[in-house]
Amino acid sequence: MTIRTRFAPSPTGYLHVGGLRTALYAYCFAKKNEGKFVLRIEDTDRERFVADGTQNILKSLYWAGLIPDEGVMFDNEENIIQKGDCGGSYIQSERSDIYREHADRLIEQGHAYHCFCAPERLDELRQFQQLNKLPTGYDGHCREINPIEAQKRASDGEKHVIRMKMPKEGETVFNDEIRGEVRFKNELIDDQVIMKSDGFPTYHLAVVVDDHLMKITHIIRGEEWLSSVPKHLQLYKYFGWESPKMAHLPLLLNADKSKLSKRQGDVAVEDYVKKGYLKEAIINFIAFLGWNPGGEREIYSLDEIINEFNFDKVGKSGAIFNLQKLDWFNREYLKKMDLAELVQRAKEFLLADPEIFSAIGEGQYEDKDLARVIALERERVTTFSELPEALKFVFVLPKYKSDLLIWKKSSVDELQNILPGLKDLLSTISVQSWDRTILERTVGDWVKEKGYSVGSVLWPMRVALSGQENSPGPFEIAEVLGKEESLNRIDLAISNI
RNA sequence: GGCCCCAUCGUCUAGUGGUUAGGACACCUCGCUUUCAAUGAGGUAACACGGGUUCGAUUCCCGUUGGGGCUACCA
């Protein structure tokens, strides 16, 4: 039997980093077992639908290298296409007939029923239950309506939803690939809505029907779905289908241990792409949030992760999304990468999005500047036997926004004293002599002559030139920027002390 | 409130019925460095608690506590 996994995001705007991890595990499990990785779009919620949501998700997925074998994918021009045969589209909004048929089948068999309850009634019911600290849930108001009468009311156009009937007794027990045996009492589980009044199915119906029709063998998804499993299993039973195996992944968490959310930082993969993180670093970092091959090595390529991937090595508890560790992974990959590759990546990075610097600065840069700044960094590396963070350093190229300057290492007095003097000094250097050796000597002499400490001059100089707290050396930046731009930036900095 | 899941340094984690409980990030100290970063060498730091089971539990079982998820005509 061919292993088939799927990733089934909702196109609500962008790919969430948690989604990327889910996709990664599903991808790795499929590849490890020589199976297929299917991409399906779950867009049955019309209210949250975002027009280019699918495009964005695919972009991020392709960026990371998680290319679907089947379902929704890109062609060579980044047009959205579909591949594979599941008896229809891999986009749920285009499968309404299929869900309708299946819902009707459940009604015919007495496993589901029309519900005519108004949302207001359900709201009141819920409020009452909450107020009285009762378990919340549907009260079965429409469950006993005569099916023939219900059918008639529905076909007469009365607004309704379709609910599945959960058994009132017994237990649902299943074996999660990661958590082992989990059991639920059926009586506590709601008669879930499976078809909404707008004619679209809810997640619960769509996911069961599609996973079956698409021959998914392993459902890999976040832990937030664990409590829905009994409903799904009941649906499989009603349809007479065998359930796929399931693996519920631990959640990615904010620093306060709540579910990773937009409010507490960036959650979109594209945000991290824009910041200059390498895909290798993101993949490696995210893979190790909840999975560990054992041992002490932490740097793993995608292929190596695939090779080692196994549900036994997936943890059960949530993992905090720790940016400092991500930075470390990024540095490690930057260190390893050779210069040519680095320049190429930096170029792709800059070309990928014209707005990439909008948060940091504005202005022009040229390819030769880019190559130079990276080469300089690399040179500095050999000189000092250090290694670069080149992608981060390309940010010195655009003109930074002055209100982002951070002066925290120097006092205002110090800055007002030193920067104008430094500017006058640099003005005396001719354009022809403007290279880092001469700059370094000139500034060095000046520092001595004035009796300044080295740090009190070089640090502000670097900040004024780069707009950043951490950057390449000031002389290297000055050389790349040229005399005019360097002096302009120091002016800019002076006016923003 | 109900149901479900989870529990090793601050964080990500390795690990075992008997270990000096290992690594990485972060942090601290020192060194290097004409500046920050980077880098080198050290260091602080964890088995949530209470009962069992056992010669022996961090490890197995139960409970407590704590955290999280779900509890929609959202996924």
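Here is the naming used below: chain letters follow the sequence lines, and residue numbers restart at 1 for every chain.
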Rounded to whole angstrom, note down the [atom1] distance from [N] over to [M].
| N | M | atom1 | result |
| --- | --- | --- | --- |
| rU44(B) | rA26(B) | C1' | 12 Å |
| rU8(B) | rC27(B) | P | 23 Å |
| rG22(B) | rC4(B) | P | 37 Å |
| rG17(B) | rC61(B) | C1' | 14 Å |
| rG31(B) | rC5(B) | C1' | 48 Å |
| rC3(B) | rG63(B) | P | 13 Å |
| rU16(B) | rG1(B) | P | 37 Å |
| rA75(B) | rC12(B) | C1' | 28 Å |

Regarding [X], tell me which of base, sugar-phosphate or nothing describes its non-hydrogen contacts under 4.0 Å with the strands shown.
| X | result |
| --- | --- |
| Arg297(A) | nothing |
| Thr136(A) | base |
| Thr44(A) | sugar-phosphate |
| Lys259(A) | sugar-phosphate |
| Pro201(A) | sugar-phosphate |
| Val193(A) | sugar-phosphate |
| Gly444(A) | nothing |
| Gly315(A) | nothing |

Any donor-acceptor N or O pair under 3.5 Å, side chains Tyr99(A), Asp210(A) = yes
ask   = Between Gln264(A) and Asp256(A), is any side-chain donor less than 3.5 angstrom from a side-chain acceptor?
value = yes
Can the ring centroids of [X] and [Y] be said to lie less than 6.0 angstrom from one another?
| X | Y | result |
| --- | --- | --- |
| Phe200(A) | Phe49(A) | no |
| Phe321(A) | Phe285(A) | yes |
| Phe329(A) | Tyr277(A) | no |

Short side-chain N/O contact to [N] OP1/OP2 from [X], under 4.0 Å:
| X | N | answer |
| --- | --- | --- |
| Trp459(A) | rU35(B) | no |
| Ser317(A) | rG67(B) | no |
| Arg126(A) | rA72(B) | yes |
| Arg21(A) | rC12(B) | no |
| Lys196(A) | rA72(B) | no |

In the strands shown, is [N] matched to any nucleotide by a Watson-Crick or G-U wobble pair with both distances under 3.5 Å, and which?
| N | answer |
| --- | --- |
| rC30(B) | rG40(B) |
| rG1(B) | rU71(B) |
| rU11(B) | rA24(B) |
| rA48(B) | rU64(B) |
| rA57(B) | none |

Rounded to the nearest Å, what distance is computed from the [atom1] atom of residue [X] to the [atom2] atom of nucleotide [N]?
| X | N | atom1 | atom2 | answer |
| --- | --- | --- | --- | --- |
| Lys257(A) | rG67(B) | NZ | P | 11 Å |
| His141(A) | rC73(B) | NE2 | C1' | 16 Å |
| Glu187(A) | rC4(B) | CD | C1' | 15 Å |
| His204(A) | rA75(B) | NE2 | C1' | 8 Å |
| Leu134(A) | rC3(B) | CG | C1' | 15 Å |

query = Looking only at N and O atoms, is any donor in the side chain of Arg179(A) or the base of rC5(B) less than 3.5 Å from an acceptor on the other one?
reply = no
message = Does Lys325(A) contact rA24(B) through a side-chain donor or acceptor facing the base, at a distance under 3.5 Å?
response = yes
inquiry  = Quick check on RNA chain B: between Asn292(A) and Trp225(A), whose nearest nucleotide comes earlier from the 5' end?
reply    = Asn292(A)
message = Which is more 5' along RNA chain B, the nucleotide nearest Cys117(A) or the one nearest Leu289(A)? Just name the residue.
response = Leu289(A)
message = Please evaluate residues Arg100(A) and Asp97(A) with respect to the criterion salt bridge (Lys or Arg N to Asp or Glu O under 4.0 Å), reporting the C-alpha separation (whole Å), side-chain torsions for both, the decisive distance (0.1 Å), and the verdict.
response = CA-CA 5 Å; Arg100(A) 183 95 243 161; Asp97(A) 292 348; over 6 Å; no
message = A quick test of your reading: do over 12 heavy atoms of other residues, nucleotides or ligands sit less than 6.0 Å from CD of Glu169(A)?
response =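 Check fails, neighbour count at 12 or below.
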query = Got a salt bridge between Asp139(A) and Arg121(A), using NZ or NE/NH1/NH2 to carboxylate O under 4.0 Å?
reply = yes
